[in-house]
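Below is one structure, written out as structure tokens; the observations come after it.
These numbers come from a predicted model, not from an experiment. For ligands, and for the atoms within them, numbers begin at 1 and follow the listed sequence.
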Amino acid sequence: MPSSEQIYRDNSEMQYQIGLETIEKLKVESAGKILDVGCGDGRLATRIAEKYPRGKVTAVDLSKNMLDLLKKTAADRKVANITPVQMDAMNMTFTSEFDAVYSNFLLNFLKDHKGFYQKVHDALKPGGLLIVTGFQHMPECTAFQMDGEGMVELFQQPRFREYAMRVNAGSENWTPVLKTRKMLEKIGFADITAETRDIVQQFPSVDAYFAFMQLGKLQILNVFPEELKIAFYTEEKRVLAQKLSAMPADQQKAALTMTLPAMILGARKSN
Ligand SMILES: C[S@@+](CC[C@H](N)C(=O)[O-])C[C@H]1O[C@@H](n2cnc3c(N)ncnc32)[C@H](O)[C@@H]1O
């Protein structure tokens, strides 16, 4: 059975594979300037820099740790045409500088997608290319739905009730293809293309499911005082495990299968 760490690694690997695939879609002149937003450890930014040895890659990430990893990756691979910049994607101040903007799986970390695409539009030269990937909506997973229903039930309990209204489940972090298209057109992009990919993963247990969802859970549970946070989390796990154990084994397995619907978007800044 895969551990939750393995599930993370698999998920990351699938995002990387989509990233490699989308690099193929990046087409600029050989000395072009490319911006990679939310570059992470640079595993893709360095590939882009290698693809365009005469070009210049600017790699932006919020996290200093990630940029340190990127510097190491670039040094190991002897890639010199890459400039790391620590910056919030939402506060980018580039103006008509880049031939292409590339962003692999940053999107769902950002609350204001329209604001992000506006910054990207500002950063591109007229006619410049945008290649962006992200998840278009919530994971499709029966356990996830059951967990959500369980949380709603738990919020009815008097000790949790007063916090229910303060929870921000982060639903605005998802923008499906159609809505994104409209957003991009409004901002001033043309030649919009969209492809979808499903990332499918199997959780071996409720614990593995919770371990994978931990980051999102912690954001949701931040509204609670510490002792109630633990109580809620423990109760949430117990309720989900109980619901699943009432199902036949094959249905439990199906319920713990998650499909993450990813999208690959391409667009050009209108002249
Ligand atoms: C899922 S990782 C993807 C990394 C890389 N693009 C890849 O595919 O390997 C998302 C990255 O976005 C960064 N990030 C999150 N919020 C950000 C923000 N507001 N501005 C810039 N980077 C951000 C994170 O630090 C992380 O490195």
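Ordered by chain and residue number, the residues placing a heavy atom less than 4.0 Å from ligand 1 are Q15, G38, C39, G40, R43, L44, D61, L62, S63, M66, M87, D88, A89, N104, F105, L106, F109, L110.
For F155 and F232, the distance between ring centers is under 6.0 angstrom. Note: F224 and Y233 fail the aromatic proximity criterion, with ring centroids not under 6.0 Å apart.
A salt bridge between K237 and D207 is present, with a side-chain N of the basic residue lying under 4.0 Å from a carboxylate O of the acidic one.
The list of ring pair (Phe, Tyr, Trp, His ring centres under 6.0 Å) pairs with a residue in residues 19-67, not counting sequence neighbours, is empty. Among residue pairs with one or both ends in residues 78-98, none qualify as side-chain hydrogen bond (donor to acceptor under 3.5 Å, both in side chains); sequence neighbours excluded.
A search for ring-ring contact (aromatic ring centres under 6.0 Å, His included) contacts involving F105 returns F135, not counting sequence neighbours.
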